[in-house]
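I have placed the structure first, in the form of C-alpha cells, so that the comments after it can refer back to it.
For the numbers below, each heavy atom of this structure counts, side chains included, while hydrogens, waters and symmetry mates do not.
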Amino acid sequence: MNAMDPRPLYTRAAAQIASLIAAVRPEQLDGVTPCAEFDVRLLLSHLVGGTRRIAVIGAGGDGLAVRPFADGVPDDGWSAAYDEAREQVRVAWADDTRLDAAVRVPWGETAGRIALAGYVMEAVTHTWDLWEALGRPLELDPELAEFALTIAARVLPDEGREDAELPFGAVVPAPEGADAYGRLAAWMGRRPLVTA
C-alpha cells in the first residue's frame, strides 16, 4: 500500500458526496441515518468538518485541533460548505511529498497516504449512511466501496470494537447478495434503514 496514491480515489469519493449533498431536500435534514448518533443535518456537519480536518492535515497542520463537525452552516449552505472544504483538500494534498510526510490523525501517527486512505474509508462509509438516509437517490461508485472495504479490513479488525470511543459498531451480517457498499456498511456495524 505504500506506493498507492489515494488522492484520485479521495477526489472521486468527494465528488460522489457532493452529488448526494446536492440531493438533500430541506425536509430530510432531521431524518435518521444508519449512523445512530447522527441525523442527516449532523451527518452533513460531520462530512464538512471531517473534510476540513483532512485538509489541515494535508497542509501540515494539526488536524486534531480541527473539530470534526462544522458549526454555523445554514440549512441551505451544505453544498457550498462541502465544496469549499473539498477544494481545500485538493490544494492541501497537491504536493506529492505530503503523501510520505508523517501526519497525526485520530488513530495515531502515520504516512500521509495512509491517513488519506483512511479518510477515503470514512468518507465512503458516511456516503452510504447519507445515501441510505436519502432513500438511495443515485447510483454509487462500486470501486470506492471495494477500496474502502479493503482499508477497513486492514485497519479495523472484527475484534476489539467494544470501545465506546470507536465510531464503528461490531460487524453485522451483510444482507444476502449485498454489493460492496452493503458489505462495507456491515463491516462498519451498519444496518440498512427500512425503506419503502
Do the side-chain N and O atoms of E122 and H46 include a donor-acceptor pair separated by under 3.5 angstrom? yes

Validation row: R90, T11 side chains within 4.5 angstrom (heavy atoms): no

Donor-acceptor contact below 3.5 Å, side chain Q28 vs main chain R25: yes

Using modelled atom types only, decide if a donor and an acceptor are shared between the side chain of Y181 and the backbone of T125 within a distance under 3.5 Å. no

Scan the side chains in residues 68-75 for donor-acceptor partners under 3.5 Å anywhere in the protein, sequence neighbours excluded, and list what turns up.
unit_1, atom_1, unit_2, atom_2, d
D71, OD1, R67, NH1, 2.8
D71, OD2, R67, NH1, 3.1
D75, OD1, R41, NE, 2.9
D75, OD2, R41, NH2, 3.1

Is W78 linked to V66 within one hydrophobic cluster, defined over Ile, Leu, Val, Met, Phe, Trp and Tyr using a side-chain heavy-atom separation of less than 4.5 Å? no

Who passes side-chain contact (heavy atoms from CB on, under 4.5 Å) against L138, sequence neighbours left out? S19, L20, L140

Min side-chain heavy-atom separation V89-R7 under 4.5 Å: no

Who passes salt bridge (charged side-chain N to carboxylate O under 4.0 Å, His left out) against E109, sequence neighbours left out? none

Minimum heavy-atom distance between V124 and A145, given as atom pair plus value: CG1-CA, 3.9 Å

Test of understanding: with ring-ring contact (aromatic ring centres under 6.0 Å, His included), list the residues that count as partners of Y119, not counting sequence neighbours. W107

Taking only residues two or more places apart in sequence or in another chain, which ones pass salt bridge (charged side-chain N to carboxylate O under 4.0 Å, His left out) with R86? D83

Let me check something: do L99 and V56 share a hydrophobic cluster, defined by ILVMFWY side-chain heavy atoms less than 4.5 Å apart, either directly or through other members? no

Heavy-atom distance under 4.5 Å between the side chains of L134 and V24, does that happen here? yes

Which one of D96, D100, D5 satisfies the side-chain hydrogen bond (donor to acceptor under 3.5 Å, both in side chains) criterion with R113? D100

Do L44 and L130 have side chains that get closer than 4.5 Å, going by heavy atoms? yes

Could you tell me whether the side chain of R98 and the main chain of W93 form a donor-acceptor pair under 3.5 Å? no

Taking the side chain as C-beta and beyond, is there a heavy-atom pair between H126 and F38 under 4.5 Å? yes

For P142, all residues meeting side-chain contact (heavy atoms from CB on, under 4.5 Å), sequence neighbours excluded: none

